[in-house]
Amino acid sequence: MNVKTSEMDWGAFPDARGHFGRYGGRFVAETLMDALEQLTDAYQHLKQEPAFQAEFDHDLKHYVGRPSPLYYARRWSEQLGGARIYLKREDLNHTGAHKVNNTIGQALLARHMGKTRIIAETGAGQHGVASATIAARLGLECVVYMGAEDIQRQAPNVYRMKLLGAQVVPVTSGSRTLKDALNEAMRDWVTNVDNTFYIIGTVAGPHPYPMLVRDFQSVIGREARAQILEAEGRLPDALVACVGGGSNAIGLFHPFLADEGVAMYGVEAGGDGIATGRHAAPLTAGRPGVLHGNRTYLMEDENGQIIETHSVSAGLDYPGVGPEHAWLKDIGRACYVAVDDREALDGFHAITRTEGIIPALESSHALAYAKKLAPTMGQDRIIIVNLSGRGDKDINTIAGLEGIVL
Amino acid sequence: MSRIQHCFEQLQAAGGKALIPYVTAGDPNRELTVPLMHRMVAAGASLIELGVPFSDPMADGPVIQLACERALAHGTSLGDVLDMVAAFRREDQQTPVVLMGYLNPVEIMGYEPFARRAQAAGVDGVLIVDLPPEECDGVADVFRAHGLDLIFLLAPTTTDARMRKIAEVGSGYLYYVSLKGVTGAGNIDSTAVAARVRHIRTLTDLPLGVGFGIKNAGAAASVSRVADAVVVGSALINLIAAHPSESERILDQVGTLLAEMRTAMDAPV
């Protein structure tokens with residue numbers, strides 16, 4: 001199914017119950033329903049308040065350092081010999097990734113709702129760091145749930161969170177990665193719902209999370225749209241962003257949805273290769289199901305059990321994906337592809353050496369796909385890649401892969 | 001009349017209360033589940049909630065999470081669970097069985113095929129933790145058409161408006177979660193529960209079960225004074241987890257704890 005982009009009322013999604021077509025919704029235990037309804041009400045109310053929006057904008061400008069630059073990667077583009085590639089520099093945000101846009105928004109919500117304690121799940125640690133940062137700034141207690149395996153591979157971020165005063169709780173259940181951290185955070189929330197606000201880091205989870213995280217992250221696409229119009233006098237031909245849960249991708253895509261002619265590529269983690277089954281690419285090779293409060297594409301076995309994912313990048317190592325992406329895939333508005341670990345590492349090194357920018361392994365997936373896409377397009381074409389985070393946190397992983405102990 | 005309704009009406013006529021044990025199917029192994037169900041009935045169980053193992057049991061505490069992991073370690077699937085119920089039914093046509101679990105395994109089997117197979121196996125009701133009434137459009141009808149009661153949770157935070165809505169869609173009984181938290185956490189506060197249960201009764205006529213935090217005969221007895229049914233899960237699973245390879249010991253210990261609860265519930269006040 002392909003929609004007529006310009007005729008679609010993109011603002012009508014999700015519907016009042018959080019559905020994007022057949023995806024999304026609110027599939028949670030009764031113990032969480034009231035908290036989700038309160039959150040929805042609070043958000044719908046505050047969203048209309050100019051003072052809330054002004055507070056959010058002020059923090060993005062003065063604390064995060066927005067707008068982030070839209071940088072023309074001239075040398076890399078010329079080397080690839082095709083489309084001109086612009087990088088949306090979310091890596092230059094305070095805390096080093098796009099995650100902070102959302103945590104600022106949700107922490108403001110938490111404060112308006114009178115919550116004194118925030119909890120978060122984290123995979124690569126970027127969302128955990130962003131949450132711990134905002135908690136420190138607002139004087140809120142902060143507990144971050146992180147898979148025991150991710151704690152091993154993202155040690156610098158674990159230490160950053162601790163420095164910021166957060167308690168990092170290792171999660172040893174299940175596959176000991178991001179999905180299990182999310183389960184554990186939900187359990188905490190159910191238990192401490194009176195004083196606790198759960199800051200979900202991606203556009204997944206039960207309604208209203210996919211909507212409100214998208215709204216907070218859409219600043220990426222709004223800025224990029226204005227910046228490219230200023231730089232080139234026209235809209236881009238393609239957008240490229242990596243997709244784990246999908247928050248940086250939806251943030252870039254959403255403000256362009258009505259722009260017919262702007263193609264969108266969400267790049268999933270192909271791990272050892274799609275054919276091996278050892279990957280984290282539910283949109284590419286999974287099927288619809290229900291997990292973590294929403295219906296979406298999942299990595300699951302024939303009995304509906306969630307299976308372990310594999311990716312060199314902890315932040316993409318998630319068996320689900322935001323429901324809006326599932327819907328954009330089905331209606332044909334966005335295209336989802338996968339690049340494997342090896343290609344992502346190539347992308348990492350390419351941009352590091354040609355542009356002097358060390359990208360996060362997550363973002364390296366988007367760069368790797370742009371590297372394939374650009375040469376297929378003419379030099380008069382424009383691609384915007386979301387450089388969603390910086391790679392400092394990954395240097396231990398990269399060094400380890402090259403047999404170097406730091 | 002459904003087996004569940006019959007069960008509650010009989011108990012009510014006799015002045016008794018339902019004792020509802022929960023165990024996860026396939027924990028600690030597939031062979032023990034059906035004998036365990038029979039032993040629980042012999043010890044005084046009125047209805048059995050049989051857990052369908054799921055990889056991501058978000059509303060459960062560590063005790064049931066680990067039970068799911070043990071069951072999944074040897075591949076217990078939803079199809080296997082239905083086979084277990086069918087095997088149980090060959091010897092017990094009275095005791096209602098409710099499947100309790102998460103939506104995804106059902107979604108993957110398909111609602112219609114699941115409902116058909118569940119009915120054929122002798123399942124009486126389903127409690128799908130992450131399927132609230134708002135997401136039940138179409139699903140509830142499929143289940144009802146196959147004689148399956150749709151059982152819902154009520155939480156301490158559930159508003160009156162939602163309770164009315166849930167009572168409308170639900171049938172069989174309602175399950176009041178007695179504390180804010182996950183399964184296996186904390187201890188029940190009988191006084192607070194009594195007040196809440198009295199309030200819920202003004203909103204619905206469905207039988208009301210109470211669970212979460214009921215760990216011993218004393219707690220079971222005090223809850224049975226106010227509720228129609230007492231649900232006990234993690235306390236039983238702790239006994240399984242302590243000696244997973246000793247089947248006889250599990251049968252004896254689970255049977256003993258349930259019998260103690262039954263006796264305490266039936267004792268005159």
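Quick note on labels: first sequence line is chain A, next is B, and so on, each numbered from 1.
- Interface remark: B/M58 contributes backbone and side-chain atoms alike to the contact with chain A (heavy atom separation under 4.5 Å).
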Between B/R162 and A/E30, is the salt bridge (Lys or Arg N to Asp or Glu O under 4.0 Å) condition met? List the steps. CA-CA 10 Å; B/R162 280 190 59 77; A/E30 183 58 29; 2.7 Å; yes
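- Heavy atoms of B/P53 lying under 4.5 Å from chain A belong exclusively to its backbone.
- Neither the backbone nor the side chain of B/I128 comes within contact range of chain A, judged by heavy atoms closer than 4.5 Å.
- Taken to the nearest 0.5 Å, the CG atom of A/D301 stands 8.5 Å off from the CG atom of B/L72.
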Verify side chain to side chain contact (heavy atoms under 4.5 Å, CB included) between B/D130 and A/H292, making sure each step is shown before the conclusion. CA-CA 9 Å; B/D130 54 351; A/H292 290 154; over 6 Å; no
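- When side chains are defined from C-beta on, B/I108 does not count as touching A/E302, because their heavy atoms never get closer than 4.5 Å.
- At a 4.5 Å heavy-atom cutoff, B/L66 makes no contact with chain A through either its backbone or its side chain.
- Within the 4.5 angstrom heavy-atom criterion, only side-chain atoms of B/V177, from C-beta onward, approach chain A.
- For the atom pair CG (A/D180) and CG (B/D56), the distance works out to 6.0 Å, reported to the nearest 0.5 Å.
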Would you sort out whether A/I306 and B/N104 count as a side chain to side chain contact (heavy atoms under 4.5 Å, CB included), showing the intermediate values? CA-CA 9 Å; A/I306 307 309; B/N104 202 48; 4.0 Å; yes
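- For the atom pair B/D60 CG and A/S173 OG, the distance stands at 11.5 Å (nearest 0.5 Å).
- Between A/R187 and B/Q65 there is a side-chain heavy-atom pair separated by less than 4.5 Å.
- For a residue to count as touching a neighbouring chain, one of its non-hydrogen atoms must lie under 4.5 Å from one of that chain's; by this rule A/P206 does not touch chain B.
- B/T159 touches chain A through its side chain: at least one heavy atom from C-beta onward sits under 4.5 Å away, while N, CA, C and O do not.
- Under the 3.5 Å distance criterion, the side-chain polar atoms of B/E69 are matched with a main-chain donor or acceptor of A/G174.
- A distance of 11.0 Å separates CD of B/E134 from NE2 of A/H207, quoted to the nearest 0.5 Å.
- If you tally non-hydrogen atom pairs under 4.5 Å between each of B/P132, B/G75, B/G61, B/S77 and chain A, the highest count goes to B/P132.
- Looking at A/L291, the atoms closer than 4.5 Å to chain B (heavy atoms on both sides) all sit in the side chain, from C-beta outward.
- Between A/R17 and B/D137 the shortest side-chain heavy-atom distance falls below 4.5 Å.
- Separating the OG1 atom in B/T76 from the CD atom in A/Q305 is a distance of 9.0 Å, to the nearest 0.5 Å.
- For a residue to count as touching a neighbouring chain, one of its non-hydrogen atoms must lie under 4.5 Å from one of that chain's; by this rule A/D194 touches chain B with the side chain only.
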List the steps and the verdict of side chain to side chain contact (heavy atoms under 4.5 Å, CB included) for A/R26 and B/E135. CA-CA 7 Å; A/R26 189 180 275 166; B/E135 301 287 355; 4.2 Å; yes
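- Put simply, CG on B/L103 and CZ on A/R295 are 6.5 Å apart, with the number rounded to the nearest 0.5 Å.
- You'll find the side chain of A/N303 stays beyond 4.5 Å of the side chain of B/L78, heavy atoms only.
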